Amino acid sequence: MHQLFVYNSLSRTREEFQPIHEGKIGMYVCGPTVYSDVHLGNCRTFTSFDVIYRFLKYMGYKVRYVRNITDVGHLVGDADTGAEDKISRKARLDQLEPMEVVQRYANGFQEMMNIFNLLPPDIEPRATGHIIEQIEMIQSLLDRGYAYEKNGSVYFDTPKYISRDHEYGILSGRVVEELMQESRDDLKGQAEKNHSSDFALWIKAEPTHLMRWPSPWSVGFPGWHLECSAMSTKYLGTHFDIHGGGTDLKFPHHENEIAQNVGACGEAPANYWLHTNMLLLNGRKMSKSEDNSVTPQQLFTGDSKHFSKGFSPMVVRFFMLQAHYRSTLDLTDEALIAAEKGYKRLMEVLKTLETLQAENTGDLSDLDQEIVSLMDGVIDDMADDFNTPKALAKLFELTSKINALGGRQLDPKDLHKDTLMRLQTFFPSFIGEVLGLKDDSSDQDQQLVGGLMELIIELRKNAREHKDWGTADKIRDTLTALSIQLKDGKDGTSWAKS
RNA sequence: GGUCGGUUGGCCGAGCGGUUAGGCAGAGGUCUGCAAAACCUCGUACAGCGGUUCGAAUCCGCUACCGACCUCCA
């Protein structure tokens with residue numbers, strides 16, 4: 001088995017991956033807060049973790065992948081100054097039940113994940129379904145002296161945490177003294193919190209607040225951060241392998257999660273922290289307020305001033321995989337057009353690969369060795385912190401070999417039967433199962449079109465045999481106008497949508 | 001202001017001290033009735049200035065610019 005290396009945000013280095021339990025991996029990824037439509041950036045993050053999940057399984061690990069849905073507790077504004085829960089706020093504005101808001105956007109989210117061909121996680125728990133677990137965790141933090149109650153709300157006590165030799169800021173590189181400094185300044189206000197670096201575990205609900213649950217401290221609702229600690233602990237235990245999320249969650253969300261877990265359970269939750277980087281649009285942060293944003297829907301239809309045309313979900317997925325998950329990725333019209341062509345080439349070569357025949361059964365040729373080492377390289381690249389762009393580069397080198405064999409620029413006599421068999425298994429399964437790429441074109445029409453095209457190609461072949469170039473070219477030109485491209489090869493004619 | 005990350009050829013994007021990334025676009029060629037597709041070859045890029053080193057896109061320092069987080073955000 002290839003040794004896996006992952007970049008750990010905690011140590012800021014690439015580390016050899018060692019699972020806690022041989023052959024098994026527990027992975028928790030912070031899911032969306034369902035108070036609005038999915039952000040395209042969300043799609044990139046979860047696509048990255050989807051490939052990670054798929055590759056870990058491909059390597060033979062038994063993975064338990066938990067990705068939550070946050071449907072309560074994520075606040076708008078500051079908890080001290082009349083904070084409002086995001087879901088609650090949206091419910092009030094739209095005059096809906098909070099659960100209607102949650103349901104609507106959770107559905108939309110899952111639909112979109114489906115469209116991008118993401119595997120569903122093994123467990124997709126919701127914060128509102130784990131109020132009791134969260135209350136228990138708060139109690140545990142209070143019992144251990146890591147939290148304090150103020151007027152029915154409960155806060156995490158960061159100075160206490162620090163005073164017991166725990167490193168608050170370990171993940172995000174925050175400087176403790178600074179946080180303390182800020183705290184002193186903040187004491188001048190009438191804030192409920194003792195220090196500005198403290199954060200809410202339980203928030204007492206205003207009478208008008210829509211989402212509320214009874215607790216030992218007040219009728220209220222849990223704070224953001226807590227749901228992830230509670231749910232990861234419930235489903236993966238107090239100590240598991242991988243915790244992931246977008247890099248913007250490092251602080252405060254993940255930092256606070258660590259503090260909560262250490263405080264309540266006595267140990268940091270995860271061995272490896274993986275963070276995905278941001279998606280940019282035309283070199284800048286996506287931002288609605290600055291008119292620099294695009295929704296997945298707009299990207300698919302091309303209904304956006306930023307794009308000249310629409311791009312299919314698989315093209316977008318392929319585009320995302322062409323960059324490493326830890327790098328920012330710049331979404332531009334030009335780059336997507338380029339990605340679309342590359343993606344189509346990859347889909348086309350899958351068909352060519354099926355038609356290849358190998359003749360050699362003797363010694364392995366140089367070509368065989370080249371192909372084998374490229375295949376091994378693909379896995380090596382993935383095992384090195386899930387380097388999809390590097391793996392794709394090798395896949396494209398294999399693409400050239402396959403096409404050359406198909407077009408007789410390379411001699412099939414040089415290809416060993418075993419090599420071909422391996423290639424025909426590996427190549428499609430890696431693209432489909434690990435990268436999660438599939439042919440977009442709708443299956444329904446495909447059979448019909450396939451039959452028609454067979455007929456047309458037959459007719460054109462006859463015309464060409466009679467040197468009736470007029471008819472042959474008319475067929476070709478008309479098809480071209482319909483975005484169907486004919487490819488005349490040594491073994492006859494094939495076609496593809498252009 | 002603080003913390004962290006980035007600046008690679010026309011565009012996107014790997015790269016982690018010495019070896020071709022790759023995709024798209026462009027040029028030339030092979031093949032072809034012509035064309036397309038496919039294949040082959042090519043451009044000689046690493047923000048700037050110093051330093052370390054036999055050797056730096058890769059390490060260190062400074063400068064410039066960009067971005068993320070610090071407040072809701074993947």
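What you are looking at is a predicted structure, and each value in this text was computed from that prediction instead of being measured. Every chain is numbered from 1, with letters handed out A, B, ... down the list of sequences.
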Participant: Considering every strand shown, what is the Watson-Crick or G-U wobble mate of C4(B) when both distances are under 3.5 Å?
Facilitator: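 Answer to the pairing question: G67(B), which forms a Watson-Crick or G-U pair with C4(B).
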Participant: Evaluate D440(A) against K344(A) for salt bridge (charged side-chain N to carboxylate O under 4.0 Å, His left out), listing each step before the verdict.
Facilitator: CA-CA 10 Å; D440(A) 274 307; K344(A) 282 188 173 161; over 6 Å; no
Participant: Give me the distance, rounded to whole Å, that separates U8(B) from G13(B) when you measure between the C1' atoms they each carry.
Facilitator: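 It works out to 9 Å between them.
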Participant: Can you tell me if K285(A) touches the phosphate of C69(B), counting only side-chain N or O atoms and a distance under 4.0 Å to OP1 or OP2?
Facilitator: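 K285(A) to C69(B) OP1/OP2: side-chain N or O found under 4.0 Å.
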Participant: Would you classify S327(A) as touching base, sugar-phosphate or nothing, given that sugar-phosphate means primed atoms plus P, OP1 and OP2, and contacts are heavy atoms under 4.0 Å?
Facilitator: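 Sugar-phosphate contact only - S327(A) comes under 4.0 Å of backbone atoms but never of a base.
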Participant: Return no unless some side-chain N or O of N277(A) is found under 4.0 Å from OP1 or OP2 of G6(B).
Facilitator: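 Looking at the OP1 and OP2 atoms of G6(B), neither is under 4.0 Å from any side-chain N or O of N277(A).
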Participant: Does K309(A) make a cation-pi contact with F307(A) (under 6.0 Å, within 45 degrees of the axis)?
Facilitator: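 Not satisfied by the 6.0 Å and 45° rule.
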Participant: Give none if C39(B) has no partner; otherwise give the nucleotide forming a Watson-Crick or G-U wobble pair with it, both distances under 3.5 Å.
Facilitator: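 Matched C39(B) with G29(B) under the 3.5 Å cut-off.
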Participant: Tell which nucleotide pairs with C59(B), taking only Watson-Crick or G-U wobble pairs whose two distances are both under 3.5 angstrom.
Facilitator: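 Pair assignment: C59(B) / G51(B).
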Participant: With a non-hydrogen cut-off below 4.0 angstrom, is G407(A) in contact with a base, only sugar-phosphate, or nothing?
Facilitator: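 Here G407(A) touches no strand at all.
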Participant: If you measure from the Lys or Arg side-chain nitrogens to the Asp or Glu carboxylate oxygens, is any gap between K250(A) and E255(A) under 4.0 Å?
Facilitator: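 Between E255(A) and K250(A) there is no salt bridge, as every charged N stays at least 4.0 Å from the carboxylate O atoms.
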Participant: Check nucleotides 25-29 of chain B for protein N or O atoms closer than 3.5 Å to its own N or O atoms and list the pairs.
Facilitator:
from	atom 1	to	atom 2	distance (Å)
A25(B)	OP1	K341(A)	NZ	3.3

Participant: Using a 4.0 Å heavy-atom cut-off, does S400(A) contact any base of the nucleic acid, only the sugar-phosphate backbone, or nothing at all?
Facilitator: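 Sugar-phosphate: the residue S400(A), judged by heavy atoms under 4.0 Å, touches backbone atoms but no base.
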Participant: Expressed as a whole number of angstroms, how long is the span from R345(A):CZ to A38(B):C1'?
Facilitator: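 Going from CZ in R345(A) over to C1' in A38(B) covers 9 Å.
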Participant: Report yes or no: is the ring centroid of W469(A) under 5.5 Å from the six-membered base ring centroid of G33(B), with the two planes under 30 degrees?
Facilitator: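 Yes; by the centre-distance and plane-angle rule, W469(A) counts as stacking on G33(B).
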Participant: Is it the case that the ring center of F221(A) lies less than 6.0 angstrom away from the ring center of H209(A)?
Facilitator: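 Yes, close enough.
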Participant: Assign H324(A) to base, sugar-phosphate, or nothing according to its heavy-atom contacts below 4.0 angstrom with the strands shown.
Facilitator: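 If one applies the 4.0 Å heavy-atom cut-off, H324(A) turns out to touch the sugar-phosphate alone, with no base involved.
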Participant: Scan every strand shown for a Watson-Crick or G-U wobble partner of U44(B), both distances under 3.5 Å, and answer none if you come up empty.
Facilitator: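 Per the H-bond distance test, none.
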Participant: What about F199(A) and Y155(A), are their ring centers closer than 6.0 Å?
Facilitator: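 Centroid distance F199(A)-Y155(A): not below 6.0 Å, so no.
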Participant: Examine H254(A) together with H225(A) and report whether their ring centres are nearer than 6.0 Å.
Facilitator: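 They do not qualify: ring centres at least 6.0 Å apart.
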Participant: Would you indicate what R464(A) reaches in the nucleic acid, counting non-hydrogen atoms under 4.0 angstrom: base, sugar-phosphate, or nothing?
Facilitator: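 It contacts base atoms.
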Participant: Please name the residue in the list C43(A), P32(A), S36(A) that meets the side chain to side chain contact (heavy atoms under 4.5 Å, CB included) test with F109(A).
Facilitator: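 Between F109(A) and the candidates, side chain to side chain contact (heavy atoms under 4.5 Å, CB included) is satisfied uniquely by P32(A).
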Participant: Would you say A38(B) has OP1 or OP2 under 4.0 Å from some side-chain N or O of N403(A)?
Facilitator: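 Negative; the distance criterion is not met.
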Participant: Measuring to OP1 and OP2 of G67(B), would you say a side-chain N or O of T328(A) lies under 4.0 angstrom away?
Facilitator: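 For G67(B), neither OP1 nor OP2 has a side-chain N or O of T328(A) closer than 4.0 Å.
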Participant: Touch check for A393(A), heavy atoms < 4.0 angstrom, all strands: base, sugar-phosphate only, or nothing?
Facilitator: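 Contact class for A393(A): base.
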